[in-house]
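Structure first, commentary second.
Computed from a prediction, not measured in an experiment: that's the story for all the values here. We number each residue from 1, following the sequence as shown.
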Amino acid sequence: MMKKGSEKYFDIAIEEAKSGIDSDEGGPFGAVIVKDGEIIASAHNEVIKTNDPTAHAEILAIRRASEKLSRFDLSDCTIYSTCEPCPMCFSAIHWAKIKSLHYGCDNRDAAEIGFDDKFIYDVIRGISDDQKVKSVQEHKEKCLVLFEMWENKQDKIQY
């Protein structure tokens with residue numbers, strides 16, 4: 001029987017995640033990006049393989065979809081992920097302008113197996129007393145020059 005709709009895409013995301021686990025490339029996460037019913041990109045977590053803490057399935061799928069479509073605006077795409085995206089991936093989905101996100105497990109399921117990003121959400125919400133990153137603003141005036149350059153650039157491509 002041919003699978004329809006999201007089940008087909010979730011099955012591919014699940015296979016991606018299994019591949020990442022089996023090859024020791026990363027955790028149990030896979031993602032698929034779809035446009036008009038066509039799979040544009042798929043990926044699994046490659047943090048271990050690349051030693052890149054940002055090499056999450058959603059990030060890699062977004063990079064591959066953007067490259068394939070030769071654009072950074074993926075507003076006509078949908079992303080399917082085996083797990084609720086972490087704050088970084090959730091932000092990247094927004095930056096890519098993807099309008100629809102479907103996920104399997106949630107962040108509580110991920111936390112139960114050691115992938116707990118609640119502390120990041122708490123920092124973002126301003127409810128954490130435990131700041132793991134010290135944030136210091138410096139040299140604003142020098143850096144504002146770059147903002148002025150961008151603002152005055154006549155041929156800029158806004159994103």
Side-chain angles (χ1 to χ4, degrees), residues 5-6 8-17 19-20 23 25-104 106-107 110 115 117-128 131-159:
S6 67
K8 172 174 63 173
Y9 306 129
F10 270 100
D11 285 351
I12 293 166
I14 289 165
E15 286 305 312
E16 277 283 354
S19 172
S23 61
E25 293 182 347
F29 307 103
V32 173
I33 295 179
V34 177
K35 177 185 176 302
D36 300 327
E38 178 189 345
I39 295 169
I40 302 301
S42 64
H44 59 265
N45 185 293
E46 294 184 11
V47 170
I48 296 168
K49 173 186 177 184
T50 62
N51 290 313
D52 177 355
T54 69
H56 291 197
E58 297 90 345
I59 299 288
L60 296 176
I62 288 168
R63 289 174 183 166
R64 291 172 186 165
S66 294
E67 183 176 355
K68 182 173 182 177
L69 296 174
S70 298
R71 55 188 165 93
F72 50 80
D73 182 336
L74 302 180
S75 57
D76 54 353
C77 296
T78 299
I79 189 165
Y80 298 86
S81 180
T82 58
C83 188
E84 181 179 9
C86 73
M88 175 186 66
C89 293
F90 190 67
S91 296
I93 290 165
H94 281 78
W95 281 118
K97 298 178 176 53
I98 295 173
K99 301 269 191 273
S100 185
L101 159 67
H102 302 256
Y103 62 88
D106 63 28
N107 64 41
F115 294 95
D117 50 19
K118 181 182 180 307
F119 73 93
I120 299 172
Y121 283 109
D122 289 348
V123 169
I124 292 169
R125 292 183 185 113
I127 59 174
S128 176
Q131 299 291 318
K132 297 182 186 301
V133 176
K134 180 181 177 183
S135 182
V136 179
Q137 184 176 16
E138 296 182 307
H139 307 290
K140 180 177 179 174
E141 293 304 318
K142 287 183 176 184
C143 297
L144 276 174
V145 172
L146 302 170
F147 281 46
E148 290 170 16
M149 285 176 63
W150 177 257
E151 188 175 38
N152 295 323
K153 185 173 172 53
Q154 296 300 309
D155 61 346
K156 69 181 168 230
I157 298 171
Q158 193 65 48
Y159 57 94

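- The salt bridge (Lys or Arg N to Asp or Glu O under 4.0 Å) check on E67 picks up nothing, with sequence neighbours excluded.
- In this structure K156 satisfies the salt bridge (Lys or Arg N to Asp or Glu O under 4.0 Å) test with no other residue, sequence neighbours excluded.
- A donor-acceptor pair under 3.5 Å links the side-chain atoms of N45 to the main chain of V47, judged by distance alone.
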List the atom pairs, with distances to 0.1 Å, where a side-chain N or O of residues 92-99 and a protein N or O form a donor-acceptor pair under 3.5 Å, not counting sequence neighbours.
residue : atom : partner : partner atom : Å
H94     : ND1  : F90     : O            : 2.8

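- Screening residues 69-83 for salt bridge (Lys or Arg N to Asp or Glu O under 4.0 Å), with sequence neighbours left out, gives K35-D76, R71-D76.
- Of the inter-residue distances, the one linking R64 atom CZ with L69 atom CG reads 14.0 Å to the nearest 0.5 angstrom.
- Expressed to the nearest 0.5 Å, how far CD1 of I124 lies from CZ of F119 amounts to 10.0 Å.
- A side-chain hydrogen bond (donor to acceptor under 3.5 Å, both in side chains) check over residues 133-153, counting only residues at least two apart or in different chains, returns the pairs K153-D155.
- In terms of heavy-atom proximity, A17 sits nearest to P28 at CB-C, 3.8 Å.
- Listed by chain and residue number, nothing satisfies the side chain to side chain donor-acceptor pair (under 3.5 Å) test with T50 (two or more places apart in sequence, or in another chain).
- Residues satisfying the side chain to side chain donor-acceptor pair (under 3.5 Å) criterion with S19, sequence neighbours excluded, are absent altogether.
- Remark: R63 pairs with no residue by the side chain to side chain donor-acceptor pair (under 3.5 Å) rule, at least two apart or across chains.
- For the ring-ring contact (aromatic ring centres under 6.0 Å, His included) condition, no pair includes a residue of residues 35-59, sequence neighbours left out.
- Across all non-hydrogen atoms, the minimal contact from A41 to A61 is CB-O, 3.5 Å.
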N/O donor-acceptor pairs under 3.5 Å from side chains in residues 77-89, not counting sequence neighbours:
residue : atom : partner : partner atom : Å
S81     : OG   : E58     : OE2          : 2.6
S81     : OG   : C83     : N            : 3.4
S81     : OG   : C83     : O            : 2.9
T82     : OG1  : G30     : N            : 3.0
E84     : OE1  : N107    : N            : 2.8
E84     : OE1  : N107    : ND2          : 3.3

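- Here the closest non-hydrogen pair linking V32 and Y9 is CG2-O, 3.7 Å.
- Shortest non-hydrogen contact noted between A55 and L60 is O-CD1, 3.8 Å.
- For F115, the ring pair (Phe, Tyr, Trp, His ring centres under 6.0 Å) partners two or more places apart in sequence, or in a different chain, are F29.
- For D106, the side chain to side chain donor-acceptor pair (under 3.5 Å) partners at least two apart in sequence or on another chain are R108.
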